[in-house]
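Below you'll find the structure, written out as structure tokens, and then a few comments.
Sequence lines set the chain letters: A, B, ... in the order given, protein chains first and strands last, and positions in each chain run from 1. Hydrogens, waters and symmetry mates play no part in the numbers below; they use all other heavy atoms, side chains included. This structure is a prediction, so every number in the text was calculated from the model and none was measured.
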Amino acid sequence: MKSAVNLTGRVDFPRENVAAQVTFDGGVQKMAVEWDLTTLNLPKDCEIKLDVWASGTYEMKRFFLGLLSSGKGKEEDIDVSEMRNSEHLKCRFVVTKVQSGLPMIVAQLDQISVSRLGDDDDLTSILKIVPDPDLTSVWDLRIVDGDPELRIKEKDGMSSYLKSEAPLFNPLVLPEALGKVFDWFIASDDEKNMDSFEEWKLVFRELGCDEEIITIAESDNSEIDTDLLVMERRKIQASFVSRHSFFDSIESQMENARSAE
Amino acid sequence: MLGVFNEKGQEHWLNVLSETQTNPERVLVNATNLAMNEKMFVKLPGTMDLRPLTRRLDLAKYLDLVITSNDLLPLTGDNKFWNWMAARWMQILVESDPRKNLKRKIGKEVERWALSSNTLNYHRHLVSSPFFAFVDNERNADKAMCLLSTPICEPGEVVEKIAGKKAFSTGSVCELATHLYYDPVSDGIKPGVTVPPGHPKGFSRFFGQLDNNVDYQSMTKEQLISILPNSFDKWK
């Protein structure tokens, strides 16, 4: 299996260290970027750059964010009003240092998703949820026309209750449903709607999926290290659970139940 | 007339293109009919003349004029806009190609005429790709002639390898590829560039190896030339 060797000691820093959001300030479209590199112990004379591009086009702009001199977390508003496709922006955060005359990348984070104010980042905004009266289980993840669908048992409003009101349904079901979507995403022989595949690729990247795994998913490679996939599946589920504070949600339900007793 | 396909138009366009190798004559007629069928697209303000263009640079400049003068830049990220454009332009572009073989002129790959959300093949779209190569190189054609000097219906290996990766398709890397592979005297791609060593595939491989370690996009063309291996000497 192909593996990457990092000969230069480049740091691929954690996704939570950078956040980017498009905002509107007096009618001008800006991108608010926040970053925190304090834990990485990078040389202070490093330069920080941000590549912003519109997904699916050649459009790309580079912004110089200054020197890493202060050692503190930073934030910056970037004017992206001239970008044609600001609805589909992605970023790459690059920290460079000139060594032997070459601008070497000492740290980076690629494929940063840019949120927009008002964006719905709930998994349910991408995963189709369909009531199904014929379902013999409470829920199931089906692939329909190459697109994953979460089927929920429908009986006298049961699906609506589970989806919107049952407090434990989302914390317990969505991570496992996500795992099943990952199985579909990585499987070489499963039918795939490519539009859907591309959307899920973004979701998995955002959840920290390894680029090597994404390359495997794109390449229809049937020789895959199963252990690696199992680990990656768990990692993505954990990232999802953590991001949506599902443990907090369950604890809160437990406390409510105890206090009601 | 200008337009953007609706969902139905988009779907029909892919159906039309499924016949490129079995009935190319019908594809040309159906493309024009589809682009003119008002049930299949949303009409946009503004006008556009179809012209018998053959070179990517000329198409890029003309589309830039049409798009900017009609305030359509925000639509250039919409696949349905480019697919309507492709349907509208297909017949005249194919008929302007002096080659005889109609199947070859149209080509068998659907992505030559249809954009999908799969960005891996985005650069292959014959109508949008020249536009992006021109506009995203700050409308400075001199720096992007490696992507703009070839025929519209026959973009060639240099376009495939250089436009195929976002980091190569703009800025100093694109300028470097133009320096290596474009001949300003003949105003075309240098003969023999596809033969290794120093060919576009090698170019792509070399910079691909630096991707994660060297911020080559921040280097000037001259700096990039200085780090190229000897295998590129004959094109320097």
Requested in this report: Give the ring-plane orientation class for W13(B) versus F5(B), where under 30° counts as parallel, over 60° as perpendicular and anything between as tilted.
Outcome: tilted

Query raised in the report: Does anything in residues 139-152 of chain B pair up under side-chain hydrogen bond (donor to acceptor under 3.5 Å, both in side chains), and if so which pairs, sequence neighbours excluded?
Result: D64(B)-R139(B)

Query raised in the report: Under a 4.5 Å heavy-atom cut-off, does chain B meet the side chain of D51(A), its backbone, both or neither?
Result: side chain

Report task. Tell me, for T170(B) versus chain A, whether the close heavy atoms (under 4.5 Å) come from the side chain, the backbone, both or neither. Result -> side chain

**Report entry** Qualifying residues under ring pair (Phe, Tyr, Trp, His ring centres under 6.0 Å), relative to F93(A), sequence neighbours excluded
**Finding:** F13(A), W35(A)

Query raised in the report: With only heavy atoms counted, which part of K49(A) is less than 4.5 Å from chain B, the side chain, the backbone, both or neither?
Result: side chain

Report summary line: When the 4.5 angstrom heavy-atom criterion is applied to Q108(A) and chain B, the contacting part is side chain

Report task. Applying ring-ring contact (aromatic ring centres under 6.0 Å, His included) between W82(B) and each of Y122(B), F132(B), W113(B), report the one that passes. Result -> F132(B)

Report task. Measure A133(B) against the heavy atoms of chain A and call it side chain, backbone, both or neither at under 4.5 Å. Result -> backbone

Report summary line: So, the part of N137(B) with a heavy atom under 4.5 Å from chain A: the answer is neither

Query raised in the report: Heavy-atom distance under 4.5 Å to chain A: side chain of S128(B), backbone, both or neither?
Result: neither

Query raised in the report: Is the number of heavy atoms from other residues, nucleotides or ligands within 6.0 Å of CG (D233(B)) greater than 12?
Result: yes

Query raised in the report: Have Q10(B) and N79(B) got a donor and an acceptor in their side chains that come within less than 3.5 Å?
Result: no

